[in-house]
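For this chain, numbers begin at 1 and follow the sequence in order.
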Amino acid sequence: MEGADLAGKILSTWLTLVLGLILLPSAFGVSLGISEIYMKILVKTLEWATLRIEKGAEKESVLKNSASVGIIQRDESPMEKGLSGLRGRDFELSDVFYFSKKGLEAIVEDEVTQRFSSEELVSWNLLTRTNINFQYISPRLTMVWVLGVIVRYCVLLPLRVTLAFIGISLLVIGTTLVGQLPDGRLKNWLSEMVHLTCCRICVRSLSGTIHYHNKQYRPQKGGICVANHTSPIDVLILTTDGCYAMVGQVHGGLMGIIQRAMVKACPHVWFERSEMKDRHLVTKRLKEHIADKKKLPILIFPEGTCINNTSVMMFKKGSFEIGGTIHPVAIKYNPQFGDAFWNSSKYNMVSYLLRMMTSWAIVCDVWYMPPMTKEEGEDAVQFANRVKSAIAVQGGLTELPWDGGLKRAKVKDTFKEEQQKNYSKMIVGNGSPNLESD
């Protein structure tokens with residue numbers, strides 16, 4: 001009985017500290033300064049570790065920096081120019097060398113698939129995700145690394161799991177209860193309070209530090225908020241500062257439970273990626289939503305998948321065909337404190353959250369940008385590209401034209417057929433005018 005009493009006292013003391021020092025302040029959006037002190041200590045520790053690494057691993061740093069500038073020099077000229085110096089009008093066996101060169105370039109340094117792996121760091125951040133065993137450089141650094149493992153797994157992880165469990169439980173229970181109320185102002189107000197409170201608790205469970213910029217451009221009701229997509233917690237990051245009606249793919253497991261509970265309290269739109277008819281229904285529901293200026297702004301991630309926080313890939317045009325005002329938002333995570341990217345093909349939601357909770361912290365910047373509308377004579381694709389470019393510039397991200405759907409699917413046959421047609425035109429002589437014009 002003494003052991004049970006001791007365990008009960010420890011548990012009650014733990015919950016009291018969590019409730020009083022973290023849970024209640026985060027629910028009301030108040031900070032007691034604990035996270036600020038933690039971040040200052042963390043920054044100083046990482047700065048010291050970086051100096052030790054630079055002194056003890058100069059050769060490794062030189063090798064890593066030299067590799068980051070690019071392995072190969074690409075020739076971006078079109079096929080006609082690339083083959084003009086190798087062949088005449090007729091087919092020649094030497095044409096094989098051109099296509100072999102292009103294939104090897106894509107294999108050695110593919111600018112698409114590398115966007116779906118963790119971002120490389122300039123210096124090690126004392127986490128286990130590293131290509132070089134930096135922790136063995138010096139005894140001091142090894143001791144700090146071991147101490148960090150103990151702190152992350154024995155102190156921060158239990159605390160964060162407790163907060164996440166409370167936050168997710170309150171979100172599921174709260175939205176389910178609010179969903180039983182009749183539609184009206186009271187239900188909308190309670191729904192917003194539940195979403196804001198629970199998202200703040202969940203962000204605190206990740207030791208989240210968020211810097212919001214240009215709050216005067218915060219998305220307004222009746223509009224559409226579009227942002228680059230790195231992680232499912234993008235939703236938490238944005239909802240901590242305001243509520244949104246969300247649009248996204250239907251998930252299973254833990255995410256599915258949360259989605260089904262949330263839609264009861266707020267008109268979120270969930271769809272099946274593979275069902276085209278469902279997409280038409282989504283478009284119709286979105287148009288009806290933005291027609292009502294009293295409803296929450298819609299939050300959409302036009303890339304359709306998570307990118308590794310280094311780039312912005314092609315925006316799907318569907319979000320820009322609906323009409324209405326677009327409110328662009330740029331999100332940029334600081335990888336020094338933790339890797340926020342979710343590789344959904346490698347990790348399920350639970351294992352991903354555990355990785356996040358065993359990192360140091362989640363630090364990010366959010367830039368609200370001036371609202372944008374479709375210009376005269378501009379189609380949906382051009383509008384989407386213009387918004388994408390603005391987000392990439394603001395967030396310091398690389399702008400890429402590729403479809404993020406290549407993360408899960410092979411290159412479409414139409415792209416292959418297009419290259420084959422271009423080559424066949426050159427063989428029969430139809431491609432020669434292009435060469436003369438160039």
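Evaluation of the salt bridge (charged side-chain N to carboxylate O under 4.0 Å, His left out) rule for K187 yields D183 as partners, not counting sequence neighbours. In terms of the side chain to side chain donor-acceptor pair (under 3.5 Å) criterion, S169 has no residue partners (sequence neighbours excluded).
Counting only heavy atoms from C-beta outward, the side chains of V226 and I224 approach each other to under 4.5 Å. Using a 4.5 Å heavy-atom threshold, the side chains of F320 and V387 count as touching. Residues I237 and Y333 form a side-chain contact, since some pair of their non-hydrogen atoms from C-beta on lies under 4.5 Å apart.
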W360 vs R152, test: side chain to side chain contact (heavy atoms under 4.5 Å, CB included). Steps then yes/no. CA-CA 7 Å; W360 293 117; R152 288 188 290 114; 3.7 Å; yes

Please assess E378 against R386 for the test side chain to side chain contact (heavy atoms under 4.5 Å, CB included), listing each intermediate value before the final yes or no. CA-CA 10 Å; E378 188 177 43; R386 183 161 60 91; 2.9 Å; yes

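With respect to D379 and K374, no salt bridge is recorded, no charged nitrogen being found less than 4.0 Å from a carboxylate O. In this structure, E303 does not pair ionically with K388, as no charged nitrogen and carboxylate oxygen lie closer than 4.0 Å.
Using modelled atom types, one side-chain atom of Y352 and one backbone atom of A340 make a donor-acceptor pair closer than 3.5 Å. In this structure, S351 contributes its side chain and Y347 its backbone to no donor-acceptor pair below 3.5 Å.
When every heavy atom of L157 is checked against every heavy atom of M357, the shortest pair comes out as CD1-CB, 3.9 Å.
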